[in-house]
Amino acid sequence: LRLFDKRRGQFGGVNPHDHVIMQAGARVKRGNGTILHYSFASDDELRRQSERFATLSAQALFEKGRSTGRAMLLVKTGWAFIHSYLIKAGFLDGRAGLTISRAIAAATYKKYALLRRLRNEQWS
């Protein structure tokens, strides 16, 4: 669900963006067209949003009992960049695509590094 009336639904689940929960009786319709989603206005805003979501994701993974090793942290970070920049064709967007792909990789690194730290603190 991409677009909804906030008076009739809200984000729910473990992470605030896991899914939308609509009130009983609220209608959900399929729309035709494209929704342009500009979730940040500057590189700094992108960094702050990425850090916020990385922290939320790490906490959710920790609560599910997940962990990661140092090597997997690097593999996941590299894969996040490759996936965003090459597979999803971020390179076609020039500097903006590179900036976003780097931010995604940095957020992935932060998420798994924080997960490692939470796990290590748990066992300390």
ring-ring contact (aromatic ring centres under 6.0 Å, His included) partners of F81, counting only residues at least two apart: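 Listed in chain order: Y85.
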Residues forming a ring-ring contact (aromatic ring centres under 6.0 Å, His included) with F91, sequence neighbours excluded: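 Per chain and number, F91 pairs via ring-ring contact (aromatic ring centres under 6.0 Å, His included) with no residue.
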Which atoms form the tightest heavy-atom contact between [X] and [Y], and what is the distance?
X: R66; Y: R119; result: O-NE, 2.9 Å
X: F40; Y: L46; result: CE2-CD1, 3.6 Å
X: T108; Y: K76; result: CG2-O, 3.6 Å
X: Q10; Y: F4; result: N-CE1, 4.0 Å

Flag, side chain of Q23 to backbone of R7, donor-acceptor distance under 3.5 Å: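 Between the backbone of R7 and the side chain of Q23 there is a qualifying donor-acceptor contact (under 3.5 Å).
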L73 backbone acceptor or donor facing T77 side chain under 3.5 Å: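 Judged by distance alone, yes, a pair lies under 3.5 Å.
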Single-linkage hydrophobic cluster, 4.5 Å side-chain cutoff, [X] and [Y] together:
X: L98; Y: I100; answer: no
X: W79; Y: L61; answer: no
X: M72; Y: Y112; answer: no

Could you state the interatomic distance from [atom1] ([X]) to [atom2] ([Y]), rounded to the nearest 0.5 Å?
X: E51; Y: L114; atom1: CD; atom2: CG; answer: 11.0 Å
X: L118; Y: E63; atom1: CG; atom2: CD; answer: 9.0 Å
X: I104; Y: I82; atom1: CD1; atom2: CD1; answer: 13.0 Å

pair T55-R52: side-chain heavy atoms closer than 4.5 Å: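 No. Closest side-chain heavy atoms not under 4.5 Å.
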All pairs passing salt bridge (charged side-chain N to carboxylate O under 4.0 Å, His left out) where residues 90-113 contributes a residue, at least two apart: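 Qualifying pairs: D43-R95.
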